[in-house]
Amino acid sequence: MEPGGQGLLPDNMTEVPVGPGGVCAPADAAGAVLPEGLTEAEAEELRSELAKVEEEILTLRQVLSAKERHAAEIKRKLGQTPLNQLKMNLSKSLQEVQMSNAYVKTSEKIGEWNEKVTQSDVYKKTQETLTQAGQKTSAALSNVGTAITRRLGDMR
């Protein structure tokens, strides 16, 4: 800007894009510089095609939205709530997992380990010990309950 606040170019003139070597670069109708090798006619054709594609995208979004609303209404009429759908999806997923090769093999392996553990002497001895301890604890608690009942009866 000049000291008086005025630009170097008069208001009715605009800057012209300059390419390499000081040659004027072609500009499109919006004033943007065109890519090298692209004519104004080609650029206009591409802009027109872009506008059509964007309009188609908008139309498809509107159609999809209407279809989703319609599907939701049908599901509501069928009593398919989001919670019920979630339950069905989880159930289906669980069935798929249970039918998977990895799950079947893992289940078989765990079954084999369970068989080996429950047939071992250490397991059997531990089971017997815990059973006896449970019986003794039960008897002791029964005796405590009886004693408390007697004491309460004596207090009357």
Side-chain angles (χ1 to χ4, degrees), residues 1-135 137-138 141-142 145:
M1 308 244 345
E2 291 183 3
Q6 297 290 326
L8 295 175
L9 297 174
D11 289 340
N12 62 350
M13 295 183 73
T14 59
E15 294 183 30
V16 177
V18 178
V23 178
C24 289
D28 65 5
V33 177
L34 296 174
E36 192 173 323
L38 189 65
T39 66
E40 178 62 37
E42 291 171 331
E44 186 56 39
E45 185 179 331
L46 288 174
R47 281 192 292 277
S48 174
E49 185 178 347
L50 177 61
K52 288 178 185 175
V53 170
E54 288 175 341
E55 187 177 325
E56 288 175 5
I57 290 170
L58 180 62
T59 301
L60 290 171
R61 284 185 179 145
Q62 291 169 345
V63 169
L64 178 61
S65 178
K67 296 275 186 188
E68 287 174 336
R69 283 192 304 272
H70 184 65
E73 180 65 22
I74 291 171
K75 287 177 182 179
R76 186 191 61 76
K77 288 179 180 178
L78 290 172
Q80 294 180 359
T81 64
L83 181 60
N84 288 343
Q85 288 180 311
L86 178 63
K87 288 178 185 177
M88 289 188 312
N89 289 344
L90 289 174
S91 178
K92 182 180 177 186
S93 296
L94 180 61
Q95 286 176 340
E96 289 173 357
V97 166
Q98 289 175 337
M99 294 172 57
S100 73
N101 206 17
Y103 182 87
V104 170
K105 286 182 179 180
T106 302
S107 294
E108 289 172 357
K109 197 58 146 177
I110 289 174
E112 291 172 14
W113 290 345
N114 184 45
E115 184 68 25
K116 288 178 183 177
V117 167
T118 56
Q119 298 305 315
S120 72
D121 289 336
V122 172
Y123 178 83
K124 289 179 181 176
K125 288 179 183 176
T126 303
Q127 184 182 25
E128 289 173 16
T129 303
L130 291 175
T131 301
Q132 289 173 359
Q135 290 170 348
T137 303
S138 178
L141 290 174
S142 178

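Numbers for residues simply follow the sequence, beginning at 1.
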Legend entry - For the student: nearest non-hydrogen atoms of Ala43 and Leu34, plus distance: CB-CD2, 3.6 Å
Legend entry - Heavy-atom neighbours of Gln98 CD exceed 12 at 6.0 Å: yes
Inset, instruction - Check for a donor-acceptor pair, side chain of Ser107 on one end and backbone N or O of Tyr103 on the other, with a separation under 3.5 Å. - result: yes
Inset, instruction - To the nearest 0.5 angstrom, please state how far the NZ atom of Lys124 sits from the CD atom of Glu128. - result: 9.0 Å
Legend entry - OG on Ser93 to CE on Met88, rounded to 0.5 Å: 11.5 Å
Legend entry - Glu73/Arg76 ion pair, N-O < 4.0 Å: yes
Legend entry - Exceeds 12 heavy-atom contacts within 6.0 angstrom, atom CD of Glu96: yes
Legend entry - Sidechain N-carboxylate O distance under 4.0 Å for Glu44, Arg47: yes
Legend entry - Value rounded to 0.5 Å, distance of CD in Gln95 from CG in Leu90: 11.5 Å
Legend entry - Side-chain (Thr126) to main-chain (Val122) donor-acceptor, under 3.5 angstrom: yes
Legend entry - Modelled atom types, side-chain donor and acceptor of Ser65 and Arg61, under 3.5 Å: no
Legend entry - Whether over 12 other heavy atoms sit under 6.0 Å from Gln119 CD: yes
Inset, instruction - Kindly check if the number of other-residue, nucleotide or ligand heavy atoms within 6.0 Å of CD (Gln85) is above 12? - result: yes
Inset, instruction - Take Leu46 and Leu50 through the test side chain to side chain contact (heavy atoms under 4.5 Å, CB included) and record every step on the way to the result. - result: CA-CA 6 Å; Leu46 288 174; Leu50 177 61; over 6 Å; no
Legend entry - Distance in Å, Lys52 NZ paired with Thr59 OG1, rounded so as to fall on 0.5 Å steps: 13.5 Å
Inset, instruction - Would you give the length of the straight line joining atom CD1 of Ile57 to atom CD of Glu55, rounded to the nearest 0.5 angstrom? - result: 11.0 Å
Legend entry - Carboxylate-amine/guanidinium contact Glu108 Lys105, below 4.0 Å: no
Legend entry - Spacing of Leu94 atom CG and Asn89 atom CG [to the nearest 0.5 Å]: 12.5 Å
Legend entry - Main-chain N/O of Gly134 paired with Ser138 side-chain donor or acceptor, under 3.5 Å: no
Inset, instruction - List the steps and the verdict of salt bridge (Lys or Arg N to Asp or Glu O under 4.0 Å) for Lys109 and Glu112. - result: CA-CA 5 Å; Lys109 197 58 146 177; Glu112 291 172 14; 3.7 Å; yes
